Amino acid sequence: MQYARWPFYTLIGILFLTGLIMSVYRHITYQVPFLPGETLTTWSIEARVEFTADNGPVKVKLTRPYNQQGFARLAESSASSGYGVAYLDDDNVLEWTIRQAQGEQTLFYRVDFLDDQMQNDLVTEAAHIQPTSLAEPYLTAAEQIHQQLLAISADSISYAQQLFKLLTAEENTQQNLALLRDAESNQAKLAVTLLNHAGIAASIIHAVKLEDGRRRQALIPLIKVWDKQNSSAIFNPSSGKRGKPQDMLLWQQNDQPMLEVMGGYDSNVSFSIIRHQESIASAIKAQQNVQQSLVNFSIHSLPLEEQALFKTILLLPVGALMVCILRILVGLRTSGTFMPVLIALAFIQTSLLTGLVGFTLIVFTGLLLRSYLSHLNLLLVARISAVIISVIAIITLFSLLSYQIGLSEGLKVTFFPMIILSWTIERMSVLWEEEGAKEVVIQGGGSLLTAVIAYLAMTNEFIRHLTFNFLGVQLILLAAILALGNYTGYRLFELARFKSLVEKYAGKSI
């Protein structure tokens, strides 16, 4: 080993040890497990409230969720620069106040729930019937529907079940229902109106769908129906199914507004969701540790919307390491250096099989169009621009065709990076002209194989858990990539290339 290489190897050792120490310290001190299956699941949900203030006093009220079937609330917090914060437990409302505010305002509320199927602490809301005032001819239409459902139901819950069956029927030619839909297009509001008209207590509640890494999500409306014994049932107005889905958490269970802004306008609220695998003690401790130390430096202090974004970004070094291993050690040839990593990211969004089929069809069709463009002798910038537009047209055409024939998976091809696909088509087309179809197949196949291997590594639950919860792993990955960059030995594919020389001088085959 040459003396001039010592600083390089020292740097690799420092990066590796620093990342290892940071990870071990976080594991021991903050009880973050190395294995994703060691602990229970907690969901962090962040509500982002945005509005424009009127240059005066502002009061904002946001409905808060509480313990419910299957979920136990662990902790809650808010971020609002300059605002006073009050948690009103009687109304389950969070209130922000400030004496004067002007311009665009952004407030955050975060709540952590433990996914606990043994949780039965339910809050019973009072049942009541909203007054309805239907004018003719809608009143007659509602009454005829009421008489129809009354004959095939036994109580309030079964009445509601039959109503949602009627509302969600794929082919419904009933004129009374069509007339009522002309007056009220919102199916949830129409269902509540018809139930209240029938003397059944019902109201719209809202839930958030628990899906890891989702950002800027809106609440999903559900219908809660009570019977005369004050027991209740929940229905999904879009599907008609009874019962709260397991992947939904009820956020608003009463008739009070979801968001009230006094002293502002253009208000809206959106939600971001992150799933954590940690112990209850660790989750509570994380909420109490507002000041993060340098060794515990973590993205968990960021808003959930940014956390969801980083959860995917932090997987890129894993894909880069896979590319380094396959190109430096194995000798696999690809079209572009890190294009397979971006394709692997698209596979994460589309699923592997859909991604492979979509990528192959788009590139093949793009090559046919590119072969036509090559006969026009266009300048490079104009030719690439034409390829980009062609790729967009191809993706649009495939999406429309998939939708028309009922293949919803085909709509996911929009997740492919269009600029990268355009450069891939351009590179393969030039390669075809210079090296022939064989080289295109070799590099294209190498790119797909690399993308598949990178996808499998990036979607591994253990790897996703480590990269998101231990930032020290990024330093370990960097050390490994730097070490691979110093490799000067034979690649795996070169063993076959130099097989004859080995047999000649070594006297034996490999």
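Keep in mind that this is a model prediction, so the values were computed, not measured. When reading the values below, keep in mind they use all heavy atoms of this one structure, side chains included, and skip hydrogens, waters and symmetry mates. Start at 1 with the first residue, then count along the sequence.
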Which heavy-atom pair separates [X] from [Y] by the least distance, and what is that distance?
{"X": "Ala188", "Y": "Pro221", "value": "CB-CB, 4.4 Å"}
{"X": "Lys59", "Y": "Thr97", "value": "CG-CG2, 4.0 Å"}
{"X": "Gln252", "Y": "Met258", "value": "NE2-N, 3.5 Å"}
{"X": "Val269", "Y": "Ala47", "value": "CG2-CB, 4.1 Å"}

Does the pair Phe462 and Phe34 meet the rule for a ring-ring contact (aromatic ring centres under 6.0 Å, His included), with working shown? CA-CA 8 Å; Phe462 174 68; Phe34 283 124; 8.5 Å; no
Counting only heavy atoms from other residues, nucleotides and ligands, does the tally under 6.0 Å from [atom1] of [X] exceed 12?
{"X": "Phe310", "atom1": "CZ", "value": "no"}
{"X": "Phe364", "atom1": "CZ", "value": "no"}
{"X": "Lys209", "atom1": "NZ", "value": "no"}

Excluding sequence neighbours, so at least two apart, what forms side chain to side chain donor-acceptor pair (under 3.5 Å) with Asn460? none
Those residues that, when tested against Glu50, pass side chain to side chain donor-acceptor pair (under 3.5 Å) (two or more places apart): Arg48, Arg216
Looking at Ser371 and Leu368, would you say the former's side chain and the latter's main chain have a donor-acceptor pair under 3.5 Å? yes
Using the six-membered ring wherever Trp is involved, compare the ring planes of Tyr109 and Trp251 and label them parallel, tilted or perpendicular (cut-offs 30° and 60°). perpendicular
Determine all donor-acceptor pairs shorter than 3.5 Å in which one atom belongs to a side chain in residues 135-150; sequence neighbours excluded.
{"unit_1": "Glu136", "atom_1": "OE1", "unit_2": "Thr140", "atom_2": "N", "d": "3.4"}
{"unit_1": "Glu136", "atom_1": "OE1", "unit_2": "Thr140", "atom_2": "OG1", "d": "2.6"}
{"unit_1": "Glu136", "atom_1": "OE2", "unit_2": "Thr140", "atom_2": "OG1", "d": "3.2"}
{"unit_1": "Glu143", "atom_1": "OE1", "unit_2": "His197", "atom_2": "NE2", "d": "3.2"}
{"unit_1": "Glu143", "atom_1": "OE2", "unit_2": "Gln147", "atom_2": "NE2", "d": "2.8"}
{"unit_1": "Gln144", "atom_1": "OE1", "unit_2": "Asn176", "atom_2": "ND2", "d": "2.7"}
{"unit_1": "His146", "atom_1": "ND1", "unit_2": "Tyr159", "atom_2": "OH", "d": "2.9"}
{"unit_1": "Gln148", "atom_1": "OE1", "unit_2": "Gln174", "atom_2": "NE2", "d": "3.0"}

So, taking the atom named OG1 in Thr63 and the one named CG in Leu219, what distance separates them when rounded to the nearest 0.5 Å? 9.5 Å
